[in-house]
Amino acid sequence: MNEHYDDRYFDVINAIEEAKHVFFHGAGIMDMFSGRDRRELRIGETGFGAGRVLVSLMDFLEDSGMSDLAITYNSVELHPMPAERMESILDGFRAEVGPLIDQLVREYRSLDITRQGWQRMKLTRPFGSLTLNLRVGEALDMVRELTAPCDAWFLDGHGPKKNPAMWRHELLLAVGEKTVKGGTCATYTVAGEVRRGLADAGFSVVQRPGFGGKKAVLRGIKQ
Ligand SMILES: C[S@@+](CC[C@H](N)C(=O)[O-])C[C@H]1O[C@@H](n2cnc3c(N)ncnc32)[C@H](O)[C@@H]1O
C-alpha cells in the first residue's frame, strides 16, 4: 500500500502478466523491433514504485529471445521506497522472476534515493542491456528534463481519482511533447479526462480489452 495515495502499487493477482498486457502489448513494444534492424528503444514511465513494470519488461524481453538490445528506461518517483520494501513487495513474484528481482534490488540498493535528481543504473541481461534513469522527484520535472523523446510511455501513476496530479493536462501535454512521431503510450485507465488529455497531447487514443476483470485499457499513438 502507498500511504501517500491510499492505493496499492498494483491491484491484480497476476501483476507481471498484467504489465505485459497493459503496457508492453499496449504500447506495441515488439512491433517496434519487428521488420527493422532496430535494437535501441527509449521508454518513459510515470511512477516507478516497486519496479514491477521494469521487472516485467525484462522478463518480457527475455522471453522474446532477442539479443543485443539497448533499452533506455526513464522513470520517476516522488516517494522512492527503500530496497527492503521493494524486495518484500516484489517477493510474491519470486517463483516467476526471482533472478530479475535479485538483480534489480541489488542495483537499486546502490542508488541514493534520498537525493532529488537523476540516478542511473545499468542491468545486463541475455536480451542486452537496460539503463534505468530514475528521476527522484516530481513527474512533470522528469518529463521536461528529458533531452530525447521516448518511443513508448507507460503511464502508471495510481488511478486519476486517487492521484489526479499524475494525469493533469500539463503533464500529459509534456508526455506528448516527449514522444516520437508514431510512438505510443499505454495505461490501464480509460477515464474521460485521461483520454481527452492524451488526445490534446497529440495521441490518437483507442481502447483495448482489459485484463483481470478490467473491461478496457488504453493505447495512444502519437500522430
Ligand atoms: C501505481 S504506483 C507505480 C507502480 C510501479 N510502476 C511498479 O511497477 O511498481 C504509482 C507511483 O507513482 C508515484 N507518484 C505519485 N505521484 C507522483 C508524482 N507527482 N510524481 C512522481 N511520482 C509520483 C507513487 O509514489 C507511486 O509509487
Side-chain angles (χ1 to χ4, degrees), residues 2 9-10 19 23-24 26-29 32-33 38-62 66 68-83 85-87 89-90 97 100-158 165-166 170-180 183-187 201 220 222:
N2 186 331
Y9 285 95
F10 28 85
F23 296 117
F24 318 147
I29 295 297
M32 292 182 176
F33 294 116
R38 182 174 182 181
R39 287 283 175 266
E40 290 175 11
L41 202 64
R42 297 183 65 82
I43 290 172
E45 177 190 47
T46 52
F48 183 70
R52 175 255 330 199
V53 174
L54 177 58
V55 163
S56 308
L57 178 67
M58 291 199 291
D59 188 48
F60 179 75
L61 295 174
E62 217 120 296
M66 288 188 292
D68 300 323
L69 303 181
I71 312 292
T72 303
Y73 195 94
N74 303 299
S75 192
V76 60
E77 181 51 58
L78 190 56
H79 307 287
M81 64 180 73
R85 177 126 193 260
M86 170 187 270
E87 192 164 20
I89 291 177
L90 294 178
V97 289
L100 295 172
I101 296 171
D102 289 340
Q103 190 175 5
L104 173 63
V105 172
R106 194 168 53 242
E107 295 296 326
Y108 182 82
R109 230 179 263 286
S110 67
L111 304 184
D112 181 3
I113 55 166
T114 61
R115 195 170 55 80
Q116 292 263 323
W118 290 93
Q119 296 277 328
R120 172 175 289 193
M121 66 159 93
K122 190 168 177 178
L123 300 162
T124 304
R125 300 294 310 172
F127 64 74
S129 71
L130 183 148
T131 302
L132 169 68
N133 296 315
L134 178 63
R135 173 66 158 89
V136 177
E138 163 58 44
L140 184 59
D141 292 334
M142 172 270 200
V143 179
R144 286 187 173 159
E145 285 167 15
L146 286 180
T147 51
C150 294
D151 300 293
W153 280 92
F154 308 148
L155 306 177
D156 193 15
H158 294 302
M166 275 295 241
E170 217 185 354
L171 177 57
L172 298 181
L173 291 180
V175 166
E177 277 168 25
K178 292 291 163 68
T179 307
V180 300
T184 57
C185 66
T187 185
K222 183 80 191 298

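Just so it is clear, the values below take in all heavy atoms, side chains as well, and ignore hydrogens, waters and symmetry mates.
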(request) Show the numbers, then the answer: is there a side chain to side chain contact (heavy atoms under 4.5 Å, CB included) between Tyr108 and Glu87? (result) CA-CA 10 Å; Tyr108 182 82; Glu87 192 164 20; over 6 Å; no

Measure across [X] and [Y] and return the closest heavy-atom pair with its distance rounded to 0.1 Å.
X	Y	value
Trp118	Met142	CH2-CG, 3.6 Å
Gly26	Ala186	C-CB, 3.9 Å
Thr187	Leu155	OG1-O, 2.9 Å
Gly137	Val76	O-CG2, 3.3 Å
Lys122	Ser129	CE-CB, 3.7 Å
Met166	Thr46	CE-C, 3.7 Å

Between [atom1] of [X] and [atom2] of [Y], what distance do you get to the nearest 0.5 Å?
X	Y	atom1	atom2	answer
Asn74	Cys150	CG	SG	5.0 Å
Met58	Gln103	CE	CD	6.0 Å
Leu57	Leu130	CG	CG	6.5 Å
Leu78	Gln116	CG	CD	7.5 Å
Met86	Arg109	CE	CZ	10.0 Å
Leu104	Arg52	CG	CZ	13.5 Å

(message) My understanding is that only residues two or more places apart in sequence, or in another chain, count here; which of them pass side-chain contact (heavy atoms from CB on, under 4.5 Å) with Leu69?
(response)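 Scan of Leu69 (side-chain contact (heavy atoms from CB on, under 4.5 Å), adjacent residues dropped) gives Phe33, Arg39, Leu61, Met66, Ile71, Phe127.
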
(request) If the plane angle is over 60° it's perpendicular, under 30° parallel, otherwise tilted; pick one for Phe154 and Tyr73. (result)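 Ring orientation of Phe154 relative to Tyr73: tilted.
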
(request) Using a strict 4.0 Å threshold on nitrogen-to-oxygen distance, state whether Glu170 and Arg144 make a salt bridge. (result)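 Arg144 and Glu170: salt-bridged.
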
(request) Using the salt bridge (charged side-chain N to carboxylate O under 4.0 Å, His left out) rule, collect all pairs that involve residues 70-82, keeping only residues at least two apart or in two chains. (result)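 Checked against salt bridge (charged side-chain N to carboxylate O under 4.0 Å, His left out) - neighbours excluded - no pair reaches residues 70-82.
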
(request) Could you pull out all residues at least two apart from Arg115 that satisfy side-chain hydrogen bond (donor to acceptor under 3.5 Å, both in side chains)? (result)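 For Arg115 there are no side-chain hydrogen bond (donor to acceptor under 3.5 Å, both in side chains) partners, ignoring immediate neighbours.
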
